[in-house]
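Read the numbers this way: they start at 1 and go in the same order the structure lists the ligands and their atoms.
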Amino acid sequence: MILVTGGAGFIGANFILEWFSRNNEPVVNFDKLTYAGNLQNLASLQSDVRHVFVQGDICDSQKLKQLLDDYQPRAIIHFAAESHVDRSIHGPDDFIQTNIVGTFRLLEAARHYWNKRIGKEHYDFRFLHVSTDEVYGSLPPDVPAFTEEHVYSPNSPYSASKASSDHLVRAYHHTYGFPTLTTNCSNNYGPFQFPEKLIPLMIVNALTGKPLPIYGDGQQIRDWLYVKDHCIAISRVLEAGVPGKTYNVGGWNEKPNIEIVSLICDLLNEFCPGDYHQLITYVTDRPGHDRRYAIDARKIERELAWKPLETFETGIRKTVQWYLEHKDWIANVQSGEYRKWIAMHYQ
Ligand code: NAD
Ligand code: TYD
């Protein structure tokens, strides 16, 4: 079996669902269930014996050791993290703890476990670390997209904590020969994304007639990838990636935020007619806001024959439809904690 950390979150849950759509290999899903972890994302697996859920914190070395001894995974896919830039600005502590200390504890537990395995089980073991393009920092306009060789220059507590975890993963390969793989992906969107991130927040707010808050001038550029394409890329890297290597994953979809929000308004108008554009509201910019991210995904295309299946236009249409068809899911994640965040952040 494989071990997935953070499998109750947005990308982890999509990964597990995608994995079982092509594969019967069991998954043990280790997740702390923070505000961002939601087992409802995996409700369709409720009586599926291929999925085992264990609640726990990646900072807990004892629990990690027990988990590895109990389930003997052949690989670890490490998604668990604090993932929201705005939250990292308001309160960086959890980011340092989970993303840096947690990744370190997981690496240590995994390294000891790997050392005890012999023969093929030792040689075939893999540790795949899921990271972000934000570690490379902000790209000026008209400069080529981030390659795997781009210098690290993280600007937010979130991206600094992810960069730190990437360095630890790299060092574990360099020092111990530990068989790591790292993926640095651009912004994901799709089903089950918590409505604190740009795309689901805009859909959810528009549906309830709330303002659509655009930070600064709305001209910041992100490179968007449909989540299922990211999940397929991770499976491909696990299967054929070379230990110690890094693979950038992206959809060649650079778009300014205002264009994304405008497109969401048009799509919503198509499905549930209404003037959503009038809800667009420019608000104070995020401190230290990165202007542009862009991923050069040629290495994974060339070496592992991966390419995204969705264009932005097909992916965003599916996403808007998914949120329209899952109003119960939206209502359930809008707990007291979520309301507190929205009230505090958008005050
Ligand atoms: P998410 O916030 O939706 O989910 C994170 C999951 O990790 C949650 O289920 C949470 O309960 C769990 N978790 C948090 N702290 C934990 C801990 N200490 N121990 C165990 N579990 C813990 O995040 P996401 O958007 O699904 O991102 C997953 C990974 O992908 C992250 O590492 C993130 O940095 C990376 N990534 C995200 C994006 C994106 O656009 N969302 C893009 C590139 C890379
Ligand atoms: P986000 O989804 O938080 O992802 P990231 O910061 O990791 O790229 O934000 C995407 C872009 O949208 C980013 O430039 C910030 C902007 N944004 C807004 O303009 N308004 C919002 O309410 C949010 C949440 C984000």
Q.
Can you give me the closest heavy-atom contact between F127 and A110, atom names plus distance?
A. CD1-CB, 4.1 Å
**Q.** Cationic N near anionic O, under 4.0 Å, K245 to E148
**A.** no
Q) Got an N/O contact under 3.5 Å between D86 and ligand 2? A) no
Q | ligand 1 contact by G56, heavy-atom criterion under 4.0 angstrom | A | yes
**Q.** Nearest-neighbour protein heavy atom for atom 15 (N) of ligand 1, which is reported as residue plus atom name and distance
**A.** T98 CG2, 3.5 Å
Q. Does any N/O atom on Q193 come nearer than 3.5 Å to any N/O atom on ligand 1?
A. no
Q: Pull out every atom of ligand 1 sitting under 4.0 Å from any heavy atom of I11, numbered as shown with elements.
A: 24 (P), 25 (O), 26 (O), 27 (O), 30 (O), 36 (N), 37 (C), 38 (C), 39 (C), 41 (N)
Q. Do any nitrogen or oxygen atoms of F10 come within less than 3.5 Å of a nitrogen or oxygen of ligand 1?
A. yes
**Q.** Min heavy-atom dist F79 to ligand 1 below 4.0 Å
**A.** yes
Q: Would you mind listing which atoms of ligand 1 come within a distance below 4.0 Å of any non-hydrogen atom of Y158?
A: 33 (C), 34 (O)
**Q.** Nearest protein heavy atom with distance in Å, relative to atom 43 (C) of ligand 1
**A.** C185 O, 3.4 Å
Q. Please state which protein non-hydrogen atom is closest to atom 32 (O) of ligand 1 and give its distance, to 0.1 Å?
A. K162 NZ, 2.6 Å
Q.
Taking D217 first and then R291, would you say they form a salt bridge - that is, a charged N and a carboxylate O separated by under 4.0 Å?
A. yes
Q. Relative to the heavy atoms of T34, which atoms of ligand 1 are at a distance of less than 4.0 Å?
A. 10 (C), 11 (O), 14 (C), 15 (N)
**Q.** Atom indices of ligand 1 within 4.0 angstrom of N187 heavy atoms, with elements
**A.** 40 (O)
(Q) Could you check whether K65 pairs with D69 (Lys NZ or Arg NE/NH1/NH2 to Asp/Glu carboxylate O, under 4.0 Å)? (A) yes
Q. Can you list the ligand 1 atoms lying under 4.0 Å from a non-hydrogen atom of L33?
A. 11 (O)
Q.
For a quick test of reading the model, state the closest non-hydrogen atom pair linking L128 to L238 and the distance between them.
A. CD1-N, 3.7 Å
Q) How far is atom 4 (O) of ligand 1 from its nearest protein heavy atom, and which residue and atom name does that atom have? A) G9 CA, 3.4 Å
**Q.** Sub-4.0 Å heavy-atom contact, T5 with ligand 1
**A.** no
(Q) As an exercise, identify every atom of ligand 2 less than 4.0 angstrom from a heavy atom of Y346. (A) 21 (C), 22 (O), 23 (C), 24 (C)
Q) Is the shortest side-chain N to carboxylate O distance from E18 to R22 below 4.0 Å? A) yes
(Q) Polar contacts were defined as any N/O atom of the residue lying under 3.5 Å from an N/O atom of the ligand; does this apply to D57 and ligand 1? (A) yes
**Q.** Winner among N187, V85, D133 once heavy atoms are compared against atom 4 (O) of ligand 2
**A.** N187
Q.
I'd like to know if E337 pairs up with R87 as an ion pair, taking the criterion as any Lys NZ or Arg NE/NH1/NH2 lying under 4.0 Å from an Asp or Glu carboxylate oxygen.
A. yes
**Q.** Per-residue contact class, Y158 against ligand 2 - non-hydrogen pairs under 4.0 Å
**A.** neither
Q) Which heavy atom in K162 sits nearest to a heavy atom in V130, and how many Å separate them? A) NZ-O, 3.0 Å
Q: Just do the ring pair (Phe, Tyr, Trp, His ring centres under 6.0 Å) check on F312 and Y189 with the steps written out, would you?
A: CA-CA 10 Å; F312 187 72; Y189 66 98; 5.2 Å; yes
Q) What residue and heavy atom of the protein are closest to atom 5 (C) of ligand 1, and at what distance? A) A81 O, 3.4 Å
Q: Could you check atom 21 (N) of ligand 1 against the protein and tell me its nearest heavy-atom contact, residue, atom and distance included?
A: K32 N, 3.1 Å
Q: Just go through I234, L225, D31 and tell me whose heavy atom is the nearest to atom 8 (C) of ligand 1.
A: D31
**Q.** Identity and distance of the protein heavy atom lying nearest atom 21 (C) of ligand 2
**A.** Y215 CZ, 3.4 Å
Q | Pairing of D60 and R105 as salt bridge, 4.0 angstrom limit | A | no
Q: Looking only at distances, please establish whether an N/O atom of ligand 1 is found under 3.5 Å from an N/O atom of S131.
A: no
Q) Hey, does S186 have a side-chain heavy atom less than 4.5 Å from the side chain of V249? A) no
Q. What atoms of ligand 2 come within less than 4.0 Å of a heavy atom belonging to H84?
A. 3 (O)
Q.
Checking a contact table here: which protein heavy atom is nearest atom 2 (O) of ligand 1, and how many Å away?
A. S83 OG, 2.6 Å
Q: Please check if any side-chain donor atom of R222 sits under 3.5 Å from a side-chain acceptor atom of N257, or the reverse.
A: no
(Q) If I compare all heavy atoms of P157 with all of I89, which pair ends up nearest, and what's the gap? (A) CD-CG1, 4.4 Å
Q: Output the list of atoms in ligand 2 that are nearer than 4.0 Å to some heavy atom of E196, sorted by atom number.
A: 24 (C)
Q. When you measure from atom 3 (O) of ligand 2 to each heavy atom in Q193, R286, H289, which option holds the nearest one?
A. R286
Q) Between P213 and ligand 2, is there a nitrogen or oxygen pair with a distance under 3.5 Å? A) yes
(Q) Within ligand 2, which atoms have a heavy atom of L201 less than 4.0 Å away? (A) 22 (O)
Q) Does ligand 1 have any atom that is closer than 4.0 Å to a heavy atom of C59? A) no
Q | Structural part of L198 in contact with ligand 2, heavy atom criterion under 4.0 angstrom | A | both
Q) Should you measure from each heavy atom of K197, which atoms of ligand 2 turn up under 4.0 Å away? A) 2 (O)
Q: Please report the closest heavy-atom contact between P140 and R292, naming both atoms and the distance.
A: O-NH1, 2.7 Å
**Q.** ligand 2 atoms in contact with I214 (distance to a heavy atom under 4.0 Å)
**A.** 19 (O)
Q) What is the closest protein heavy atom to atom 40 (O) of ligand 1, and at what distance does it sit? A) N188 N, 2.8 Å
Q. Quick one: does ligand 1 sit under 4.0 Å from the side chain of S186, the backbone, both or neither, non-hydrogen atoms only?
A. backbone
Q. Ion pair present between R111 and E108, side-chain N to carboxylate O less than 4.0 angstrom?
A. yes
Q. Hey, does T132 come in under 3.5 Å of ligand 1, counting only N/O atoms on both sides?
A. no
Q) What are the atoms of ligand 1, with element, lying closer than 4.0 Å to any heavy atom of V130? A) 30 (O), 32 (O)
Q. Of all the atoms in ligand 1, which lie at a distance below 4.0 Å from a heavy atom belonging to G37?
A. 8 (C), 9 (O), 11 (O)
Q. Can you check whether H230 has an N/O within less than 3.5 Å of an N/O in ligand 1?
A. no
Q | Check against side-chain hydrogen bond (donor to acceptor under 3.5 Å, both in side chains), Y293 and E254 | A | CA-CA 8 Å; Y293 304 137; E254 283 187 62; over 6 Å; no
Q: Around atom 12 (O) of ligand 2, find the nearest protein heavy atom and jot down its residue, atom name and distance.
A: N257 ND2, 3.3 Å
**Q.** N or O contact, N38 vs ligand 1, cut-off under 3.5 Å
**A.** no
Q) Given Q219, E134, R292, which one has a non-hydrogen atom that is nearest to atom 5 (P) of ligand 2? A) E134
Q) Can you tell me which residue and heavy atom of the protein come closest to atom 8 (O) of ligand 2, and the distance to 0.1 Å? A) R222 NE, 2.7 Å
Q) Is any N or O atom of A80, backbone or side chain, closer than 3.5 Å to an N or O atom of ligand 1? A) no
